[in-house]
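Position 1 is the first residue of the sequence, and the numbers go up from there.
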Amino acid sequence: MGKKPSFSSSPSAWRYLQPRYYIKRPKRLALLLTLCVSLAWLFYDRKSLSRGHQEDILKLKEEVTRLQNTLDDIKGNVKDSAESIQNAEEVDKFTNDISVEDDPINLLRRDKVKDAMLHAWTSYEKYAWGMDELKPQSMIGVNNFGGLGATLVDSLDTLFIMGLDAQFQRAREWIAKSLSFDKDIEVSVFETTIRVLGGLLSAYDLSGDKVFLEKARNLADKLLPAWNTPSGIPYNRINLEYGNINNPAWARGNSILADSGSEQLEFIALSQRTKDPKYRQKAEKVIKELYRTFPKDGLLPIYLNPRTGAQSSGAITFGAMGDSFYEYLLKAWIQGNKTEVVTFYREMWEKSMIGLQSLIKKSTPSSFTYISEKLGNAVFDKMDELACFVPGMMALGSSGYGHEEANKFISLAEELAWTCYNFYQSTPTKLSGENYYFRNGEDMSVGTSWNIQRPETIESLFYLWRFTGNKTYREWGWNIFQAFENNSRVETGYVGLKDVNTGEKDNMMQSYFLAETLKYLYLLFSPSSIISLDEWVFNTEAHPIRIVTRIDHQESVNQEEVFPRHLYGRKEGRIEYK
């Protein structure tokens with residue numbers, strides 16, 4: 001096995017994981033040959049393709065000509081190369097794997113998603129640099145999250161993964177010189193954690209650049225006073241300068257379940273990287289307290305009392321204000337590499353899956369599977385698009401069950417994903433509304449009709465593709481991407497829709513459109529070894545965080561933890577780098 005690329009200093013190394021860069025060395029000749037053969041087959045059979053692919057075919061023709069010229073150059077040099085291929089059988093096995101998983105259509109689709117990211121980022125950079133979000137139609141920036149450069153920080157790992165090195169470096173320089181948390185501003189603890197802290201930690205894990213870790217630690221120190229409550233349940237808002245904490249007036253003094261139970265991944269990761277346990281201890285105390293009285297069905301109301309720890313009133317939902325609590329129970333178990341130390345997370349999650357199944361219903365007449373909501377004893381036939389993260393979560397968690405139970409989870413996940421996809425397909429714009437109602441004989445009808453560029457359905461398609469290999473999920477994702485291109489793209493970025501029925505546009509490009517929606521689309525069309533789920537876990541803002549094994553001994557003595565600085569996966573590991 002030869003040397004692996006080092007990713008400790010430059011995001012440029014990421015491009016070696018993208019198959020189109022393998023042709024730069026004679027050792028990649030076999031891969032290039034396989035790609036050319038695949039392209040040739042595609043052109044031969046082009047008459048069977050739909051008209052919608054004709055433009056793609058023309059572009060692919062140009063690409064195959066360019067690749068053939070490159071191949072001729074390589075052939076001329078390979079005889080004199082000291083790096084001639086020693087084991088053709090092993091190389092053939094590698095190239096066959098890549099050709100199956102990364103066909104030309106997916107290469108093209110991935111590039112189109114990358115073009116969309118460039119369009120969104122360039123617009124932000126031109127009109128809203130350093131501000132939280134861009135209002136594309138007004139061509140101005142706005143600070144909806146305290147002026148912490150939310151879009152810029154949220155986009156770091158997307159830029160890195162896509163190999164947009166120059167853009168990543170400009171963002172890095174702004175963070176090093178201009179990002180400060182010494183501000184007399186009140187921010188959401190949850191939103192700041194998942195977008196800014198999560199974005200900084202992911203950028204550090206990907207690049208190894210310590211400026212991101214230093215900024216992450218500085219921010220976490222500003223947020224920690226939110227957990228200074230008798231119960232350990234944090235208040236959801238904090239003044240960064242003075243540490244004053246409170247909850248929104250509309251919550252009647254309560255903390256929100258999703259807000260209070262969705263900081264564990266980020267704070268645990270920070271403790272692991274800094275060797276300072278205080279961050280993990282603060283965030284994890286919440287879950288351990290809930291564990292003591294966790295109900296058998298694993299379902300909690302959306303309001304928690306930060307003074308007493310009591311579970312207050314409120315709806316039970318996998319949608320708004322409940323969603324990511326259940327997600328983090330599973331992912332904290334994965335983040336700790338599924339060891340005994342984190343077993344309690346998995347136990348809680350499995351209980352919540354019992355409760356989830358009690359909320360499953362089917363519509364009439366088409367039998368769409370959906371997740372209802374509860375308030376007291378009353379059941380409401382309503383499902384948020386936000387709850388469309390559930391199919392992906394179920395696929396991700398299925399591997400912890402036995403074979404039969406895992407198959408049941410995958411089957412239910414696929415049924416729910418079909419419903420979520422139809423949230424999109426059922427509207428004139430082919431974009432989803434915010435929530436849907438299921439009434440007898442009506443199947444589904446849009447409730448709140450706006451679309452604010454949410455990623456949850458695409459996120460689930462990504463996971464289902466990874467776990468089943470079913471190409472249908474890639475096709476669904478492509479259809480949703482085209483709907484965004486047709487309805488949301490404007491000259492100065494991307495906007496949401498005020499109404500998915502009329503197509504009327506709003507004036508906001510959400511930071512998570514760059515952080516989540518486009519990233520999950522890009523990964524949906526990428527080989528599954530790119531950000532391998534064996535090595536990474538995504539926070540609820542789609543920031544990949546390195547999995548690091550947790551064991552009792554390490555946590556008690558604060559032992560140095562080592563995790564690799566490479567991004568290669570099971571396929572790329574077969575390639576030798578010189």
Given side chains that start at C-beta, do those of [X] and [Y] come closer than 4.5 Å, heavy atoms only?
{"X": "F481", "Y": "W476", "answer": "no"}
{"X": "R550", "Y": "R280", "answer": "yes"}
{"X": "F389", "Y": "T457", "answer": "no"}
{"X": "Y494", "Y": "Q510", "answer": "no"}
{"X": "V153", "Y": "R195", "answer": "no"}
{"X": "L148", "Y": "F181", "answer": "yes"}
{"X": "F423", "Y": "L431", "answer": "no"}
{"X": "N236", "Y": "V189", "answer": "no"}

Salt-bridge test for E327 and K331: reply yes if a basic N is under 4.0 Å from a carboxylate O, no otherwise.
yes
Is it true that K215 and D209 make a salt bridge, defined as a side-chain N closer than 4.0 Å to a carboxylate O?
no
Would you please say whether a donor-acceptor pair under 3.5 Å links the side chains of E475 and Y421?
no
Do N337 and T339 get their side chains close enough for a donor-acceptor pair, meaning under 3.5 Å?
no
Given 3.5 Å as the limit, does a donor-acceptor pair link the side chain of [X] with the main chain of [Y], or not?
{"X": "E541", "Y": "D154", "result": "no"}
{"X": "T492", "Y": "P136", "result": "yes"}
{"X": "D132", "Y": "G146", "result": "yes"}
{"X": "N451", "Y": "S432", "result": "yes"}
{"X": "D259", "Y": "F190", "result": "no"}
{"X": "K114", "Y": "M162", "result": "yes"}
{"X": "R109", "Y": "F525", "result": "no"}
{"X": "S202", "Y": "H543", "result": "no"}
{"X": "Q453", "Y": "V495", "result": "yes"}
{"X": "Q264", "Y": "E284", "result": "no"}

Might you point out which heavy atoms bring [X] and [Y] nearest each other, and give the distance in Å?
{"X": "S260", "Y": "P234", "result": "OG-O, 3.6 Å"}
{"X": "L524", "Y": "G477", "result": "CD2-CA, 3.8 Å"}
{"X": "T151", "Y": "S511", "result": "OG1-CB, 3.3 Å"}
{"X": "F160", "Y": "L206", "result": "CZ-O, 3.4 Å"}
{"X": "M393", "Y": "L330", "result": "O-CD2, 3.4 Å"}
{"X": "S138", "Y": "N507", "result": "OG-ND2, 2.7 Å"}

Between E186 and I238, does a side chain to side chain contact (heavy atoms under 4.5 Å, CB included) hold up when you go through it step by step?
CA-CA 5 Å; E186 185 177 276; I238 190 168; over 6 Å; no
Member of R546, K210, R273 meeting the salt bridge (charged side-chain N to carboxylate O under 4.0 Å, His left out) criterion with D205:
R273
Could you give the distance from [atom1] ([X]) to [atom2] ([Y]), rounded to the nearest 0.5 Å?
{"X": "T158", "Y": "Y522", "atom1": "OG1", "atom2": "OH", "result": "10.5 Å"}
{"X": "L533", "Y": "E535", "atom1": "CG", "atom2": "CD", "result": "10.0 Å"}
{"X": "S488", "Y": "L497", "atom1": "OG", "atom2": "CG", "result": "4.5 Å"}
{"X": "L265", "Y": "I194", "atom1": "CG", "atom2": "CD1", "result": "11.0 Å"}
{"X": "R110", "Y": "N106", "atom1": "CZ", "atom2": "CG", "result": "7.5 Å"}
{"X": "L152", "Y": "S155", "atom1": "CG", "atom2": "OG", "result": "7.0 Å"}

State whether the number of non-hydrogen atoms from other residues, nucleotides or ligands found under 6.0 Å of K183 atom NZ is greater than 12.
yes
Going through the distances and angles, do D221 and K278 end up as a salt bridge (Lys or Arg N to Asp or Glu O under 4.0 Å)?
CA-CA 10 Å; D221 287 338; K278 67 182 179 183; 3.5 Å; yes
Which label fits [X] and [Y]: parallel for a plane angle under 30°, tilted from 30 to 60°, or perpendicular past 60°?
{"X": "Y124", "Y": "W121", "answer": "tilted"}
{"X": "F462", "Y": "Y520", "answer": "tilted"}
{"X": "W129", "Y": "W174", "answer": "perpendicular"}

Checking side chain to side chain contact (heavy atoms under 4.5 Å, CB included) for the pair Q281/W227: CA distance, chi angles, key distance, verdict?
CA-CA 10 Å; Q281 290 168 351; W227 280 265; over 6 Å; no
Can L156 and F168 be said to form a side chain to side chain contact (heavy atoms under 4.5 Å, CB included), step by step?
CA-CA 6 Å; L156 285 168; F168 179 86; 4.2 Å; yes
Listed by chain and number, what are the side-chain contact (heavy atoms from CB on, under 4.5 Å) partners of N144, not counting sequence neighbours?
E133, V142, M508
Could you go through K282 and E263, starting from their C-alpha distance and side-chain angles, then the distance that decides it, and tell me whether this counts as salt bridge (Lys or Arg N to Asp or Glu O under 4.0 Å)?
CA-CA 10 Å; K282 286 283 190 181; E263 285 98 359; over 6 Å; no
Full working for side chain to side chain contact (heavy atoms under 4.5 Å, CB included) between N479 and K430:
CA-CA 8 Å; N479 292 339; K430 304 303 180 186; over 6 Å; no
Which of these, T540, T193, N539, sits in a side chain to side chain donor-acceptor pair (under 3.5 Å) with E266?
N539
For residues 507-526, the salt bridge (charged side-chain N to carboxylate O under 4.0 Å, His left out) pairs (sequence neighbours left out) are D157-K519
Near-ring test W333/Y328, centroid separation under 6.0 angstrom:
no
